[in-house]
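Below you'll find the structure, written out as structure tokens, and then a few comments.
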There are 2 protein chains.
Amino acid sequence: MSMELAEAKQKFIEAWGKLGSEWGINRTMAQVHALLLVSPEALTTEEIMDALSISRGNANMTLRDLIGWGLVEKQHRAGERKEYFFADKDTWNIAKQVAKERRKRELDPVIKILDELSGVKGDAKDPEYLTFHKSVTDINKLAKNVDKTLDTMIKAEENWFWGSIVKMFR
Amino acid sequence: MSMELAEAKQKFIEAWGKLGSEWGINRTMAQVHALLLVSPEALTTEEIMDALSISRGNANMTLRDLIGWGLVEKQHRAGERKEYFFADKDTWNIAKQVAKERRKRELDPVIKILDELSGVKGDAKDPEYLTFHKSVTDINKLAKNVDKTLDTMIKAEENWFWGSIVKMFR
DNA sequence: TTTAACTTTCAAAATATACTGAAAGTTTAA
DNA sequence: TTAAACTTTCAGTATATTTTGAAAGTTAAA
């Protein structure tokens, strides 16, 4: 027995929403994104509200956020007042865009604080200080490695990036 | 003017808590973890409650979760009833542990659903179906690449792993 | 201009998540 | 055993986040 397309879309939207919420992205935002990802045509606010049973206000704010993340764009059509919303379907672009934004919004500010805390001086005989200093500098190094890797990813082509990763298995 | 150790610790705990909450980890849990990371000695529930101004119940649940994530362990001392809690200070172990758990809890279930949805058959002339199928299979491929990379990371030594990544820059 | 179509805003309500604290449970030393 | 020392549980409360919907704002065709 095979799954209906409509049912499959619904499952996809739910799964994407759940994953998003587990990773600090608002569930509705992830669901709207998922809906647009499986829509060949751009959708209106009205259609999105309908498909996901959400309010106009919620749809509007969520779409604005998605545009802010660089994942969705507005389209307008000649002779129509309505705005249409369309999602970039290129998965690698999506991944890069999300990596880019989260790096900027969350990782970079933390690295700034870690740099500052790494510089805190103290008594080299004090275990309290030594433990603090070691943990902070180690985490700082790790965070910078992640940062550099994300930077590479953001600038990279998909095939090259995963190709290089795959070489690590050899 | 240099920062006090106590103030620096506080900043670290706050920064770690904020980062955690942005990445789907409970703020208190991240803060308890941070507190233990900068403590040379294992701490009691009482000391943790005091340091972070949290209740006994909260401390207990949070510590249990941290143990479940493999980031903290209980210690007991001869002749004492109290339990002491100690965090692994090896940053690479921490990163691997977090990667391992999130992969198991969140990524793997999504890949399972994507595998299922990738198999949904439909009309090759229907743009609705084609768009759905392309998005789902593309995301599935990406998720599997991430999965494989995390697997490599989990099994790897830090120097080898970042060394291989660094080679990507050359 | 007007006005209808459409978008945006935001205070209030709903929901989801996290926390408290006291009571119940457990353990171990005596 | 007892009982003090300690841990765990969980119903109720508090807090944080998300959502609603109606009013205000904007736009463009007539």
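Below, each value reflects all heavy atoms present in this structure, side chains not excepted, and no hydrogens, waters or symmetry copies. In what follows, chains carry the letters A, B, and so on, assigned in the order in which the sequence lines appear, proteins first and then strands, with residues in each chain numbered from 1.
Shown here are the side-chain hydrogen bond (donor to acceptor under 3.5 Å, both in side chains) partners of B/Glu46, two or more places apart in sequence or in another chain: B/Arg56. Every side chain to side chain contact (heavy atoms under 4.5 Å, CB included) that A/Ile67 has, sequence neighbours left out, goes to A/Val72, A/Lys74, A/Phe85. The side chain to side chain contact (heavy atoms under 4.5 Å, CB included) check on B/Lys104 picks up B/Glu101, with sequence neighbours excluded. Remark: B/Glu14 pairs with no residue by the side-chain hydrogen bond (donor to acceptor under 3.5 Å, both in side chains) rule, at least two apart or across chains. For B/Thr62, the side-chain hydrogen bond (donor to acceptor under 3.5 Å, both in side chains) partners are B/Asn58, not counting sequence neighbours.
Atom-to-atom, CG of B/Asp65 to P of D/dT7 comes out at 17 Å; the value is rounded to the nearest Å. In this structure, NZ of A/Lys18 is placed 15 Å from P of C/dA16, rounded to the nearest angstrom. The distance between atom CD1 of B/Ile67 and atom C1' of D/dT8, rounded to the nearest whole Å, is 13 Å. Separating the CG atom of A/Leu63 from the P atom of C/dT8 is a distance of 9 Å, rounded to the nearest angstrom. Atom P of nucleotide D/dT20 and atom CD1 of A/Ile48 are separated by 14 Å, given to the nearest angstrom. Taking atom NE2 of residue A/His76 and atom C1' of nucleotide C/dC6, one finds them 15 Å apart after rounding to whole Å. The distance between atom CE of B/Met49 and atom C1' of C/dA18, rounded to the nearest whole Å, is 16 Å. Taking atom OH of A/Tyr84 as the reference point, atom C1' of C/dA5 lies 13 Å away to the nearest angstrom.
Checking the phosphate oxygens (OP1, OP2) of C/dT7, no side-chain nitrogen or oxygen of A/Asn60 falls inside 4.0 Å. Residue A/Lys82 places no side-chain N or O under 4.0 Å from the OP1 or OP2 atom of D/dT27. The side chain of B/Lys74 contributes an N or O atom lying less than 4.0 Å from OP1 or OP2 of D/dT8.
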Go through A/Glu128 and B/Lys9 one step at a time and tell me if the salt bridge (charged side-chain N to carboxylate O under 4.0 Å, His left out) criterion holds.
CA-CA 10 Å; A/Glu128 295 283 331; B/Lys9 279 186 183 178; 2.5 Å; yes

If the sugar-phosphate is the primed atoms plus P, OP1 and OP2 and the base is the rest, what is the B/S/- string for nucleotides 19-30 of chain C, using protein heavy atoms under 4.0 Å?
SBB-----BS--

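A donor-acceptor pair is defined here as one N or O able to donate and one able to accept, closer than 3.5 Å; such a pair exists between the side chain of A/Tyr129 and the backbone of A/Val120.
Each salt bridge (Lys or Arg N to Asp or Glu O under 4.0 Å) pair with one or both residues in residues 149-165 of chain B, not counting sequence neighbours, appears once here: B/Arg103-B/Asp151, B/Asp151-B/Lys155.
Against DNA chain C, the stretch residues 36-44 of chain A makes no heavy-atom approach under 4.0 Å.
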For residues 23-39 of chain A, which side-chain N or O atoms pair as donor and acceptor with protein atoms under 3.5 Å away, sequence neighbours left out?
from: A/Trp23; atom 1: NE1; to: B/Glu106; atom 2: OE1; distance (Å): 3.2
from: A/Asn26; atom 1: OD1; to: A/Thr28; atom 2: N; distance (Å): 2.8
from: A/Asn26; atom 1: OD1; to: A/Met29; atom 2: N; distance (Å): 3.1
from: A/Ser39; atom 1: OG; to: A/Leu35; atom 2: O; distance (Å): 2.7

